[in-house]
Amino acid sequence: MTAIELRSVTVERDIPHPPEKIWRALTTQHLIEEWLMRNDFGLDLGHRFQLCGDWGHVDCEVLAVDPGRSLSYTWNYAHDDPAYRLDSKVTFTLEPSGSGTLLRMEQVGFRPDQKQAFGGAKSGWRVHLENLEKLVAGLD
């Protein structure tokens, strides 16, 4: 059996705010809801949570936490149609930059037959990270 080549979506943004503010927006339930989706997120390793939208929900589990630097969790979407069913991993990485923070988001796990899911993630993450940047700008 040959291995299937999985595709990934990567979005980077240079955000003119310190990593601590962005980390707060990435890891606080009510803030996550403002830029991403309703959720029952918890920062503990192994914590299982859901991100909920009008279309349904994704099942997630916290895989890795390096406070203020990186966060990884599964992003799994159950669907009867294999083209939409997704078993993936999302990783956020924060690096201080001259103007604030370089935020990198990578979602890995798209199969070649998942063109809709891949395209949706590419456009969706850009919008979500724009919303994140607007939210962070308004935080104290």
Side-chain angles (χ1 to χ4, degrees):
M1 187 164 123
T2 57
I4 295 173
E5 179 136 349
L6 297 176
R7 296 164 53 181
S8 65
V9 171
T10 302
V11 180
E12 291 187 347
R13 286 185 79 88
D14 211 345
I15 300 177
H17 297 285
E20 302 76 44
K21 278 179 94 170
I22 298 164
W23 182 255
R24 207 167 103 213
L26 290 174
T27 59
T28 306
Q29 265 187 33
H30 73 277
L31 297 177
I32 295 167
E33 183 170 345
E34 289 189 45
W35 68 270
L36 187 58
M37 285 182 251
R38 294 185 317 274
N39 66 91
D40 55 348
F41 179 82
L43 194 52
D44 301 323
L45 211 54
H47 177 76
R48 293 177 185 271
F49 64 100
Q50 290 185 331
L51 294 167
C52 303
D54 297 336
W55 45 267
H57 68 273
V58 290
D59 294 309
C60 307
E61 180 180 346
V62 177
L63 299 174
V65 177
D66 184 356
R69 293 175 187 231
S70 69
L71 171 66
S72 294
Y73 47 79
T74 59
W75 179 288
N76 299 332
Y77 181 56
H79 198 282
D80 292 339
D81 183 342
Y84 292 97
R85 186 171 42 249
L86 184 62
D87 292 311
S88 68
K89 178 172 103 171
V90 171
T91 301
F92 296 96
T93 308
L94 295 92
E95 278 183 46
S97 68
S99 58
T101 305
L102 177 65
L103 172 64
R104 182 175 199 267
M105 184 293 312
E106 182 177 35
Q107 184 174 10
V108 181
F110 297 94
R111 295 184 315 275
D113 65 332
Q114 295 183 299
K115 289 179 177 38
Q116 294 97 334
F118 183 74
K122 278 176 76 167
S123 59
W125 279 115
R126 284 191 187 93
V127 171
H128 290 313
L129 295 184
E130 280 173 28
N131 292 338
L132 173 71
E133 185 171 345
K134 289 176 192 162
L135 171 71
V136 168
L139 294 178
D140 294 334

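Side chains included, hydrogens not; waters and symmetry mates left out as well; all remaining heavy atoms used. Because the structure is predicted, anything quoted here is derived from the model rather than measured.
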*asked:* Apply side-chain contact (heavy atoms from CB on, under 4.5 Å) to residues His17 and Thr101 and explain how you reach the verdict.
replied: CA-CA 6 Å; His17 297 285; Thr101 305; 5.7 Å; no
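- Under the side chain to side chain contact (heavy atoms under 4.5 Å, CB included) criterion, Pro112 pairs with Ile4, sequence neighbours left out.
- In terms of heavy-atom proximity, His57 sits nearest to Cys52 at CB-SG, 3.9 Å.
- At distances below 3.5 Å, not a single donor-acceptor pair connects side-chain atoms of Asp59 with backbone N or O atoms of Phe49.
- Side chain of Thr93 to backbone of Ser70: no donor-acceptor contact under 3.5 angstrom is found.
- Using a 4.0 Å cut-off between charged nitrogen and carboxylate oxygen, Arg104 and Glu12 count as a salt-bridge pair.
- Summarising the geometry of Asp81 relative to Ala83, their closest heavy-atom pair is OD1-N, 2.8 Å, with the distance given to 0.1 Å.
- Here the NZ-CD distance, from Lys134 to Glu34, works out to 13.0 Å after rounding to the nearest 0.5 Å.
- Formation of a donor-acceptor pair under 3.5 Å by the Glu106 side chain with backbone atoms of Thr10 is not found in this model.
- Gln50 contributes atom CD, which lies 11.5 Å from atom CG of Asn76 (distance to the nearest 0.5 angstrom).
- Scanning for side chain to side chain contact (heavy atoms under 4.5 Å, CB included) contacts around Glu133 gives Arg13, Ile15, Pro16, with sequence neighbours left out.
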*Evaluation steps, side-chain contact (heavy atoms from CB on, under 4.5 Å), between Thr28 and Phe41*: CA-CA 7 Å; Thr28 306; Phe41 179 82; over 6 Å; no
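- Taken from NZ in Lys89 to CG in Leu6, the straight-line distance is 12.0 Å, to the nearest 0.5 Å.
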*asked:* Checking Glu95 against Asp14 for the side-chain contact (heavy atoms from CB on, under 4.5 Å) test, could you report, in this order, the C-alpha distance in whole Å, the side-chain angles of both residues, the deciding distance, and whether it holds?
replied: CA-CA 9 Å; Glu95 278 183 46; Asp14 211 345; over 6 Å; no
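- Of all heavy-atom pairs spanning Thr27 and Leu43, the tightest one is CG2-CD1, 3.7 Å.
- Across all their heavy atoms, Ser97 and Leu102 have their closest contact at OG-N, 3.9 Å.
- The heavy-atom pair separating Thr91 from Ser72 by the smallest distance is OG1-OG, 2.9 Å.
- Leu132 is connected to Leu139 through a chain of hydrophobic side-chain contacts under 4.5 Å among Ile, Leu, Val, Met, Phe, Trp and Tyr, so both are in one cluster.
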*Given the rule in the salt bridge (Lys or Arg N to Asp or Glu O under 4.0 Å) test, do Glu61 and Arg48 qualify, once you have shown the distances and angles that lead to the verdict?*
CA-CA 4 Å; Glu61 180 180 346; Arg48 293 177 185 271; 3.3 Å; yes
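- For the side chain to side chain contact (heavy atoms under 4.5 Å, CB included) criterion with Leu63, the lone passing option out of Leu45, Leu71, Thr74 is Thr74.
- Heavy atoms from other residues, nucleotides or ligands lying under 6.0 Å from NZ of Lys122 number 12 at most.
- Within the structure, the ring-ring contact (aromatic ring centres under 6.0 Å, His included) test picks out the following pairs touching residues 108-140 (sequence neighbours left out): Trp75-Trp125, Phe92-Trp125, Phe110-Phe118, Trp125-His128.
- Under a hydrophobic clustering in which Ile, Leu, Val, Met, Phe, Trp and Tyr are joined whenever their side-chain heavy atoms come within less than 4.5 Å, directly or via other members, Ile32 and Val65 fall into the same cluster.
- Annotation: Tyr84 is not in aromatic contact with Trp55 [ring centroid separation under 6.0 Å not met].
- Checked by atom type and distance alone, the side chain of Gln114 pairs as donor or acceptor with a backbone atom of Arg85 at under 3.5 Å.
- Using a 4.5 Å heavy-atom cutoff, the side chains of Arg38 and Leu51 are not in contact.
- Side chain of Trp35 to main chain of Leu135: no donor-acceptor pair is present (N/O by atom type, distance under 3.5 Å, no hydrogens or angles).
- Contact between Tyr73 and Val62 at its shortest, heavy atoms only, is CB-CA, 3.9 Å.
- Residues Met105 and Leu31 are members of one and the same hydrophobic cluster, defined by side-chain heavy-atom contacts under 4.5 angstrom among Ile, Leu, Val, Met, Phe, Trp and Tyr.
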